[in-house]
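For the numbers below, each heavy atom of this structure counts, side chains included, while hydrogens, waters and symmetry mates do not.
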Amino acid sequence: GVDLASRLCGEGPAMASGETATEAAGLLASATQRLEDDEDHAEANRLATQALALCRQRGDGKGAADALRVIIGSQAFASQVTYDKFEKSSNPQALEDGLRRAREELEAFVAAGDRYGEACMLCSLAELAVDRRPALPAELAEAAEKIARARGLLRDLGERKMEAQAHLVTNAVHLARRSWREVCAPAREAVRLFREAGDRRGEARALHWLSTSLARAPATGSTAESIEESLTEAKH
C-alpha cells in the first residue's frame, strides 16, 4: 500500500510535533491495512477518524486526504457486507453517507486549492459509483470523467503511488462498464508505477486486478487474448 508513515512523518507546519505525526502515521497505516485486507471496516473507520483529527490538527493536508479515503472506503465496504440475490447493497445508507462526505470534502479541497485532496476525493467518488449495487450507468460515466481528472492531477503533482491507485480505480470503472477492450491499459500502468516506486504490495494488487480482468472478460475472442498477454507481460 501507500507508504503512509514516510509521507505523514515528513516536514509539516511548525506547530506539529513529532509525536503527533508519528501517532497519525501509525493510526492511518493500521486503518489502511485493515481496509485493504477486508478485516474490520468499522475499526478502519475508527482509526482513520482519529488520524484525520491529528492530521488536521497539525495542518497535514495530504495526511487528511489519505485518512478521508480510508473513512469513505470503509463506508463503501459497510454498504456491501452481504448481498441478496438481486445484488442490492445490504446497507445502502452507508454508501449514500460516503457519497455525501466525499462531495463535501471535494468542495472543501477545491476551495482551498488543494489538488492532492481534490484528486483523492475524485478517486473516492469514482470508487463509490463502482461499489453501488446495482451500478448506475450514468454514475459510471461520470466516474470515468472523475478518475481521468484525478489521474491528471496526480501525474502533474508527481504522486506516483496515488496515481497508480487511480489507474486501479480506472480499471474498476471499466470492469463495471464492461469496457473489456479498455481494462488492460490502466492496470498495466499501475503495475509499472508501483514497480518503479518499489511498492511490491501495490504491484501485487495491480497484477491481481489484471487477473480479475481476465477472469471477468468474455472467455473467447481477441479481448481475452489481449488481457492474458498483458498479464504475462506485466509479470516480467
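- If you take CZ on Arg200 and CG on Leu207, they are separated by 10.0 Å, rounding to the nearest 0.5 Å.
- Between Lys146 and Leu122, the shortest heavy-atom distance links the atoms O-CB, 3.8 Å.
- For Thr49, the side-chain hydrogen bond (donor to acceptor under 3.5 Å, both in side chains) partners two or more places apart in sequence, or in a different chain, are Asn45.
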Any chance you could lay out the side chain to side chain contact (heavy atoms under 4.5 Å, CB included) test for Gln75 and Gln93, step after step, and finish with the verdict? CA-CA 9 Å; Gln75 290 175 297; Gln93 187 57 49; over 6 Å; no
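- Sorted by first and then second residue, the pairs that involve residues 106-124 and meet salt bridge (charged side-chain N to carboxylate O under 4.0 Å, His left out), not counting sequence neighbours, are Glu118-Arg149.
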Assess whether side chain to side chain contact (heavy atoms under 4.5 Å, CB included) is satisfied between Glu142 and Leu125, documenting all intermediate values. CA-CA 9 Å; Glu142 290 181 8; Leu125 284 168; over 6 Å; no
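- Take Arg151 and apply the side-chain hydrogen bond (donor to acceptor under 3.5 Å, both in side chains) test, not counting sequence neighbours, and it matches Thr170.
- His174 contributes atom NE2, which lies 10.0 Å from atom OG of Ser213 (distance to the nearest 0.5 angstrom).
- Between the CG atom of Leu47 and the CG atom of Leu52 there is a distance of 12.5 Å, given to the nearest 0.5 Å.
- Distance check: Trp209 CH2 to Arg216 CZ gives 7.5 Å after rounding to the nearest 0.5 Å.
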May I have the step-by-step check of side chain to side chain contact (heavy atoms under 4.5 Å, CB included) for Arg160 and Arg192, ending in yes or no? CA-CA 10 Å; Arg160 308 284 281 178; Arg192 184 184 70 81; 3.8 Å; yes
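- The two residues Ala187 and Ala206 have their closest heavy-atom pair at O-CB, 4.1 Å.
- Considering every non-hydrogen atom in both Arg69 and Cys123, the closest pair reads NH1-CB, 3.3 Å.
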Sequence neighbours excluded and cut-off under 3.5 Å, please list the side-chain donor-acceptor pairs for residues 24-31, or say none.
unit_1	atom_1	unit_2	atom_2	d
Ser30	OG	Gly26	O	3.1

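- The side-chain hydrogen bond (donor to acceptor under 3.5 Å, both in side chains) check on Asp156 picks up nothing, with sequence neighbours excluded.
- Closest non-hydrogen pair, Ile71 versus Ser74, comes out as O-OG, 2.6 Å.
- Side-chain contact between Gln57 and Leu54 is present, with heavy atoms from C-beta onward closer than 4.5 Å.
- Partners of Arg46 according to the side-chain hydrogen bond (donor to acceptor under 3.5 Å, both in side chains) rule, which considers only residues two or more places apart in sequence or in another chain, are Glu43.
- Salt-bridge formation is not detected for the pair Lys161/Glu196: no Lys NZ or Arg NE/NH1/NH2 atom is positioned less than 4.0 Å from an Asp or Glu carboxylate oxygen.
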